[in-house]
Protein chains: 2
Amino acid sequence: MDTEFDSALARKLNSFVEMSKDERGILVDLQSNRITFKRGQALIEQGQAAHEAFFLQSGWGCNFKMLPDGGRQVIRFPIPGDCIGLRSILLRTSDHSCSALTDVVVAAVEAPRMLEIMNKYPRLGAAFLWSVSQDAAMVVEHLVSIGRRSAKEGLAHFILELTERLKLVGLATEAQFEHPLNQSIIADALGVSEVHVNRILRELREQNLLTLREGKVNILDLSGLQKLAGYRSLQIGRDKIDYA
Amino acid sequence: MDTEFDSALARKLNSFVEMSKDERGILVDLQSNRITFKRGQALIEQGQAAHEAFFLQSGWGCNFKMLPDGGRQVIRFPIPGDCIGLRSILLRTSDHSCSALTDVVVAAVEAPRMLEIMNKYPRLGAAFLWSVSQDAAMVVEHLVSIGRRSAKEGLAHFILELTERLKLVGLATEAQFEHPLNQSIIADALGVSEVHVNRILRELREQNLLTLREGKVNILDLSGLQKLAGYRSLQIGRDKIDYA
DNA sequence: CGACGCTTTGACACAACTCAACAACCGTGG
DNA sequence: CCACGGTTGTTGAGTTGTGTCAAAGCGTCG
């Protein structure tokens, strides 16, 4: 069933609305302009005008926001199949930065092209709206995590959500995945200090819930973690919408 | 310039793309089905299927998420001109609840109708995508507030952002506005305890930065607050996008 | 080998939470 | 009219989660 052109993006959007051949063609075309970024390079800089959106093909990204005092809040870690900077295009300027956490391959699309496509292919426009909505929902969940969960619960939740997202694109098994995250960046994602992340990881390890080392996460006790985190599945792409 | 039909919604979307007469007509039509909710009533229930979106005409709403342990995280307080539940329509089911913080008047639009309109009027679809993006950007800012600001900084930021939003729809002056918020709900918005909000409010009062009582906020020292919060203006609707 | 990035640990400080009590302000009903 | 419960705001005392600072361990790589 999979062909070279059946991209992660197409699979993702197709889970929202069934797409026509034309629309599939556009999606293939959209992703023709491949660019590589080295680990650490910036794809998007906070405060700058947004010229293009990216569709991540391989590797990990990191969306974050810097504060005047030097603090950093990680908003999201884009993984293959995710859009980067789509929101920024609409808002004209980027409210956050995005950098490559590993070497990454992206497809770049100029802003005017994106707008033109949304105009000509409203169903694709709706699919992008859906995708942006999904991302927004995850940010909301992240907000809940930081606002109303302890650091330990939040970390458990973070790992569970990441596992599920990675599983959707075939980058995680039920119980483990590889990642480029260090304790410092996890701290900035959870809004706690690096030292505290270390302590929490030790606790989770000692309670045989999960291990995180050498770029690998092993989930030792899934139901225990879910209970700790109060986790509910993402429930993506259950059934398609009846879109005229 | 303003007519009866030049709604807050139309004004808001028009700041993204210049709209045709047809499109304006659709927006008027969209908002014909007015419904009133009493204070405390639920507009949207977390976990339920989303049948309709609402455009808030008057009053305050409250978007929030409940946790299994009874905790509550407020995501956003919709004010007149805001969309409620647009994201939920796309995602089929609501990931959060929304209740009326005061008596409210909304315009209700059935989900299929929204989808139909996005299909027929791609420019309106893009405008809605823009609106959802804006909301998402505010949630991100909220995330930063909770994750990387102290409770005091966060509260200052919260008040400043609210003031700016209210000013856009004529519900706040430079230095004050009325509101239906109590300390408990502010606590759930900032992710801290009710008691702590009280103490922080006292500090802000004692430092002559702001007062909040009897449903009224008075900003006593704008630049002092901005400095404390590390606040940057929302920068909405600077100039319109060149949308073909 | 030394330098560097990342992790781990300890000691201490502080922000924020919990529990508890009380005050002020309603609207309601006897 | 006052007594009453309910809601919201205020304050204090003690506890706990998390932050800060500092030091050391341990890989990797030039």
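First the proteins, then the strands, lettered A, B, ... as listed; each starts at 1.
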Kindly give the atom pairs (protein nitrogen or oxygen, nucleotide nitrogen or oxygen) under 3.5 Å for nucleotides 20-24 of chain D.
{"from": "D:dT20", "atom 1": "O4", "to": "A:Arg199", "atom 2": "NH2", "distance (Å)": "3.3"}

Report task. Quick one: closest heavy-atom pair of A:Glu174 and A:Ile219, and the distance? Result -> O-CD1, 4.4 Å

Report summary line: Rounded to whole Å, CD of A:Glu206 lies from C1' of C:dT9 at a distance of 12 Å

Query - Spacing of A:Ile186 atom CD1 relative to C:dT7 atom C1', expressed in whole Å - result: 12 Å

Report summary line: Here the distance between atom C1' of C:dT7 and atom CD1 of A:Ile185, to the nearest Å, is 16 Å

Under 3.5 Å, which protein N or O atoms sit close to an N or O of nucleotides 4-6 of chain C? Give each pair with its distance.
none

Query raised in the report: Between A:Arg148 and A:Arg202, which has a closest nucleotide on DNA chain C that is more 5'?
Result: A:Arg202

Requested in this report: Using atom CG of B:Asn198 as one end and atom C1' of C:dA24 as the other, report the distance to the nearest whole Å.
Outcome: 13 Å

Query raised in the report: Using 4.0 Å as the upper bound for N to carboxylate O, is an ion pair formed by B:Asp82 and B:Lys12?
Result: yes

Requested in this report: Please state how far atom CZ in A:Arg213 lies from atom C1' in C:dT7, giving the value in whole angstrom units.
Outcome: 13 Å

Query - Greater than 12 external heavy atoms within 6.0 Å of B:Glu206's CD - result: yes

Query raised in the report: CD1 of A:Ile200 versus P of C:dT9: gap in Å, rounded?
Result: 14 Å

Query raised in the report: Above 12 or not: heavy atoms from other molecules or residues under 6.0 Å from CZ of B:Arg39?
Result: no

Query raised in the report: Could you state the NZ-P distance from B:Lys152 to C:dC14, rounded to the nearest angstrom?
Result: 15 Å

Query raised in the report: In whole angstrom, what separates B:Leu190's CG from C:dC17's P?
Result: 10 Å

Report task. Might you confirm whether atom NZ of B:Lys167 has over 12 heavy atoms from other residues, nucleotides or ligands at distances under 6.0 Å? Result -> yes

Could you pull out every donor-acceptor pair under 3.5 Å between side chains of residues 55-64 of chain A and any protein atom, sequence neighbours left out?
{"from": "A:Gln57", "atom 1": "NE2", "to": "A:Gln31", "atom 2": "OE1", "distance (Å)": "3.0"}
{"from": "A:Gln57", "atom 1": "NE2", "to": "A:Phe55", "atom 2": "O", "distance (Å)": "3.0"}

Report task. Verify side-chain contact (heavy atoms from CB on, under 4.5 Å) between B:Val109 and B:Asn33, making sure each step is shown before the conclusion. Result -> CA-CA 7 Å; B:Val109 182; B:Asn33 178 29; over 6 Å; no

Query raised in the report: Quick one: do the B:Glu164 and B:Tyr231 side chains pair a donor with an acceptor below 3.5 Å?
Result: yes

**Report entry** Presence of salt bridge, A:Asp188 and B:Arg148, under 4.0 angstrom
**Finding:** yes

